[in-house]
Amino acid sequence: MRYSNFFIPSLKEDPKEAVLKSHKLLLRAGYVRQLSGGIYTYLPLGLKSLRKLEEIIRQEMNSAGAVELSMPFVQPLEIWKESGRDEDYGKELLRFKDRQDRDFCLAPTYEEVITDLVKKNVKSYKELPLTLYQIHLKFRDEMRPRFGLMRAKEFIMKDAYSFDADEKGLDESYKKMKHAYENIFKRLGFDFKFIKAEAGEIGGNYSEELMVFSEYGEDKIVICNNCGYAASIDEAESVSDYNDSLVESCRQPRMTKLSTPDKKSIEEVAEYLKIDKTCFAKTIIYESEIGFIAALVRGDREINERKLKKAVKIKNLFLAKEQDVEKITGAPCGFAGPFGLKKQNGSVEVTDNSNSNNSTNILIVIDEEIKNSEYWITGANEKDWHMANVKHGRDFNFDISADIRSVQSGDKCVKCQGILDVKNAIELGHIFKLGEKYSKTLNAKFLDEKGESKYFVMGCYGIGVGRTLQTLVEVLSDENGINLPVSVSPFALAVVNLNLNDAKITEIAEKIYADLTSMGADVLYDDRKLSAGIKLKDIDLIGIPFKIVVGNRTVKENKYELEIKKDSSKESFDTLDALYSRVKQLIF
RNA sequence: CGGGAUGUGGCGCAGCUGGUAGCGCACCUGCUUUGGGAGCAGGGGGUCGCACGUUCGAAUCGUGUCAUCCCGACCA
C-alpha cells in the first residue's frame, strides 16, 4: 500500500478529549475518530488491525467447533418483552419505532435472537451440542461512555452461544470455550487470568471474567500470590482479622467519651488520639429502598457497596444526604456511631438496644471483623466527640453481620492464608453458564432420546473486540507510538523513502516495496513528498513492527537497514536477498 | 442521573476588568531543502457551541440550552 493512496489522518498533538494513553494514540495514529460520545468510526488503519484481531478470534472459535453466523443489529422489542429483559435492561436498551409504529431496539446483546433461532430450527438431541458465534455490533446506551473504545455505546463484540442437552454437556462446551479463550489471549501475548464473577444482567448460574492486568484497568481484582486464588474485589474474601491490637484502656465496662475537636475522618482522629486506625469502627449511613442503613467496618477498611447490597438483599444503595445523617445521628458527618440512631424524621424514637426486635427503620449491618472483636472506638453521635469501649450486644445491637469490606493488599487468603494482592485489570471477556434461563423464558425445547421435551441448556461467551484492541495499545505502546505485534498490526512492515526527489533512492525503495509485496508481505510504502522527520515519526506513531529506511545512507554505504520497533534495534544487510530472508523470518 | 470542568479557523491554545479576534502547527502557491516533526516569500480560512437578555456596543457580563471530558452509580 502506498501511503499517498491510503488514508491516515495522524495528529501531531494529543486531542484534548482523550485521557488514556491508548485513547490518545488511537486518535493520533489515525486508527479511530469519534463521531459522538461513545460512537466511533474505525479508520482504515484501525479497521485493518481490528480485522486481524477478529481473524485470530475466528480461528480459535472455529477450531473449538463453534460456527459463525450473523444476527440482526435491529431487533423487534417484542422478543425482549417475551424474555422479560425489556425492563431489566432499562435505559441501556435504545428503543425506537419504525414507520408502522412498531417498537424496535438496537441489540445490546443477542441471547433472545439466538435462542429464538435455535428453538425454531433445532428439534432433536441428535443436533446437539451446538455452538454458534458472531463478531459484530452491539449498542448499549451507556450512562457514561468513556476512554475511547474501552467503554463505547456502539461496540464490537464476539459473542458465542452454546446449546446442550444437559448440564454435563454445558460443562463440556464451557470448557471448550474457556480453552479457546486461553488460546486467543495467549496468542495476543496478554498477562491474563479468569476470575469468578457475578453474572449481572445476562444472568445464569456461573460465570468467569477474563481479566487482563493493567494499571489503567477500571476493575480491581484480588489475587493470592501463593495459591493463585483470584476474584473481583466485589467477590473476593479475606480472612477476618481478630483485632487484638485494641488498647487495653478500651476494655472498659462502659462507653467513654473522647474529645476530638474538628477531627472528622478516621485518619484525623487516629492521628489526633495516637491510636491505630484498626481500633476504630467506621459508621457510614446509607439510603436504600428499605430505608436507611448504618454500615460498620474497621477504621482502615473500605465498605464494599456491592457486598453490602448483597448482604441486605437490596438493589439501590447510595450514601445518605448530609442532612439525613445529621437527623439520624444527631451530629454532622464524621461523628456517627452505631448506638442511639434515630429515624430519619428526627422523631424521638431510638434504637432499642435491649432486644433484637429492632423498632427502628435503620438497619445496622456490621462487618465480620467488627463482630470478631468487642471494644471499638466510634463516633459519639455528637459533634467533636468520639466514643471508646463501644461493644456490640451491650451498647448497640446489629441486624446483620456479613463480609461487607473490600479486600486490601496484604490481607490473608481464605484458601491458603497466603498474602493477597489487589491489582487493576481490564475485563476483556466474560463466559457464562446460563443453564435454562433463556430457554425457559422463551420456551425453547428439543426432544431427548426418550422422546421427552426438554429445555436447552445454554452457555454464552463474550469478548469485547474493540476493547481488546485498545488494551493491546494500552499495554504495548510508549509515548512515541503504538507497538502492536505483527499479528494485529495494520501493516507488517513499512518501507520509508526518505527523498522522493532522488531517483536512485526512489528506485531502490520502489523495488523493495514491489519485491516484498510480491512475497505476500503487507507493506506500507511511505512515498509522501514530505521531510524525512515527519515520515519517520508517523511510521513510529502508527506502530508498524518493522521499518526499512531508504535514504542517502542506503546509496552511499550500499547497505540495507531494517529497524525493529519493539526494541528499537537496527540490523544492516549487504544484499537485498539477505534483507528479504530476514524479513520473511520475522513476519511469516 | 448527581458533582466538576471546558466550548474561540482543521488541531492545540491565547484573548474574557466590554470597543468588532490573535498565536503555533496544519493547509494553498513558488523556490530552496530531505537520516528524526525544514527555510524564505506570498496566500486562504473563524456569524468566538447555540438561544435569549443587559448595553450605544458582547468572544468578553447574565440566564437558559446543547456538546465534549473528568469523578460516582452500571458494564465487554
Side-chain angles (χ1 to χ4, degrees), chain A residues 9-20 23-24 27-28 33-39 88-92 108-109 135 137-159 181 197-202 207 209-212 217-219 232 234 286 305-306 309 315-319 321 426-432 460-471 480-481 496-502 505-506 526 528-541 547 549-557 561 563 568 570:
Chain A
S10 66
L11 267 26
K12 195 167 171 179
E13 291 174 87
D14 283 339
K16 64 171 171 183
E17 73 262 26
V19 186
L20 228 56
H23 187 196
K24 288 177 182 169
L27 291 166
R28 280 188 55 209
R33 280 293 180 274
Q34 182 172 178
L35 176 64
S36 164
I39 300 178
D88 292 349
Y89 249 96
K91 288 189 171 172
E92 305 255 301
T109 183
I135 299 176
L137 290 178
K138 287 190 172 180
F139 191 97
R140 292 183 192 163
D141 200 353
E142 289 283 344
M143 26 187 152
R144 183 147 95 91
R146 62 186 128 161
F147 303 143
L149 305 177
M150 286 297 189
R151 173 170 278 94
K153 287 170 138 182
E154 182 182 284
F155 59 103
I156 295 169
M157 193 157 152
K158 186 286 301 176
D159 45 346
Y181 274 45
E198 283 186 283
E201 209 63 73
I202 312 282
S207 87
E209 289 171 331
L210 188 147
M211 307 298 298
V212 169
E218 287 186 84
D219 298 304
S232 85
D234 297 324
Y286 284 96
E305 296 184 3
R306 285 229 191 169
K309 274 188 200 173
K315 275 195 167 170
N316 305 302
L317 185 74
F318 42 95
L319 285 174
K321 294 182 201 75
I426 301 168
E427 180 184 357
L428 295 185
H430 203 157
I431 56 178
F432 300 81
C460 94
Y461 318 90
I463 292 176
V465 183
R467 179 183 279 190
T468 299
L469 178 60
Q470 184 166 342
T471 303
N480 292 322
V496 185
N497 180 340
L498 287 185
N499 189 352
L500 273 288
N501 296 324
D502 187 308
I505 290 172
T506 301
D526 196 344
R528 294 175 299 167
K529 288 192 169 175
L530 293 172
S531 69
I534 294 178
K535 288 188 275 199
L536 293 168
K537 287 279 189 193
D538 266 342
I539 298 298
D540 286 345
L541 177 62
K547 175 167 70 183
V549 180
V550 184
N552 277 334
R553 215 187 283 165
T554 316
V555 177
K556 244 186 258 168
E557 298 174 12
E561 192 178 289
E563 216 180 299
S568 311
K570 287 180 185 172

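- Using a 4.0 Å heavy-atom criterion, one finds that A:R28 contacts the bases of the nucleic acid, with or without backbone contacts as well.
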Could you go through the side chain to side chain contact (heavy atoms under 4.5 Å, CB included) check for A:E142 and A:E92 one step at a time? CA-CA 6 Å; A:E142 289 283 344; A:E92 305 255 301; 4.2 Å; yes

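- Considering only side-chain N and O atoms, A:S36 lies under 4.0 angstrom from the phosphate OP1 or OP2 of B:rU68.
- Annotation: B:rU68 and B:rG30 have their P atoms spaced 41 Å apart (nearest Å).
- To the nearest whole angstrom, the two C1' atoms, one in B:rC13 and one in B:rG53, are 30 Å apart.
- Looking only at distances, a side-chain donor or acceptor of A:R467 sits under 3.5 Å from a matching main-chain atom of A:M150.
- As judged by a 4.0 angstrom heavy-atom cut-off over every strand, A:E563 is placed among the base-contacting residues.
- Whole-Å rounding puts the A:K16 NZ to B:rG7 C1' distance at 6 Å.
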For the pair A:K91 and A:D141, evaluate side chain to side chain contact (heavy atoms under 4.5 Å, CB included) and give the outcome as yes or no after the intermediate values. CA-CA 7 Å; A:K91 288 189 171 172; A:D141 200 353; 6.0 Å; no

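- Counting only heavy atoms from C-beta on, A:E13 has its side chain closest to B:rC11 among B:rG35, B:rC71, B:rC11.
- For the pair A:R306 and B:rC75, the criterion of a side-chain N or O lying under 4.0 Å from OP1 or OP2 is met.
- Between A:I156 and A:I135 there is a side-chain heavy-atom pair separated by less than 4.5 Å.
- Between A:R151 and B:rC69 there is no side-chain polar atom (N or O) within less than 4.0 angstrom of OP1 or OP2.
- Under the Watson-Crick or G-U wobble criterion, with both distances below 3.5 Å, B:rG2 is paired with B:rC71.
- When distances are taken from the side chain of A:K309 to each of B:rG36, B:rA73, B:rC75, the shortest belongs to B:rA73.
- The nearest whole Å value for the distance from the CG atom in A:L530 to the P atom in B:rC27 is 7 Å.
- Taking only side-chain nitrogens and oxygens, A:Q34 comes nearer than 4.0 Å to OP1 or OP2 of B:rC69.
- Remark: the separation of the C1' atoms in B:rG57 and B:rG39 is 44 Å, to the nearest Å.
- Atom P of nucleotide B:rU68 and atom CD of A:E17 are separated by 10 Å, given to the nearest angstrom.
- Contacts of A:V19 with the nucleic acid, taken as non-hydrogen atoms under 4.0 Å apart, involve only primed sugar atoms and P, OP1 or OP2.
- Test A:T506, A:T554, A:V550, A:V549 against A:N497 for side chain to side chain contact (heavy atoms under 4.5 Å, CB included) and you get one pass: A:T506.
- Closest to the side chain of A:K547, from the set B:rA76, B:rG36, B:rC71, is B:rG36.
- Counting only heavy atoms from C-beta on, A:E427 has its side chain closest to B:rA76 among B:rA76, B:rG35, B:rU6.
- Put simply, A:R140 has no side-chain N or O that comes within less than 4.0 Å of OP1 or OP2 on B:rA76.
- Side-chain atoms of A:S531 lie closest to B:rG37 of the nucleotides B:rA76, B:rG37, B:rC70.
- Pairing of B:rA51, defined by two Watson-Crick or G-U wobble distances under 3.5 Å, is identified with B:rU63.
- Of the listed residues (A:R528, A:R28, A:K12), just one forms a salt bridge (charged side-chain N to carboxylate O under 4.0 Å, His left out) with A:D538, and that residue is A:R528.
- Minimum atom distance to the side chain of A:K537 is reached by B:rG37, of the listed B:rG37, B:rC75, B:rC70.
- For the C1' atoms, the distance from B:rA26 to B:rG9 is 11 Å, rounded to whole Å.
- Here A:L500 contributes atom CG and A:K529 contributes atom NZ; the two are 6.0 Å apart, rounded to the nearest 0.5 Å.
- Separation of the P atoms belonging to B:rC75 and B:rG37 is 48 Å when rounded to the nearest angstrom.
- Nucleotide B:rA76: unpaired (no Watson-Crick or G-U wobble partner with both distances less than 3.5 Å).
- Pairing of B:rG10, defined by two Watson-Crick or G-U wobble distances under 3.5 Å, is identified with B:rC25.
- At a threshold of 4.0 angstrom between heavy atoms, the contacts of A:G462 with the nucleic acid are absent.
- For B:rG30, the paired nucleotide is B:rC40, the pair qualifying as Watson-Crick or G-U wobble because both relevant distances are below 3.5 Å.
- Nucleotides B:rA58 and B:rG49 place their C1' atoms 16 Å apart, quoted to the nearest Å.
- Spacing between B:rG19 and B:rG36 at atom P, rounded to whole Å, works out to 46 Å.
- Atom P of B:rU8 sits at a distance of 12 Å from the matching atom of B:rC48, rounded to the whole Å.
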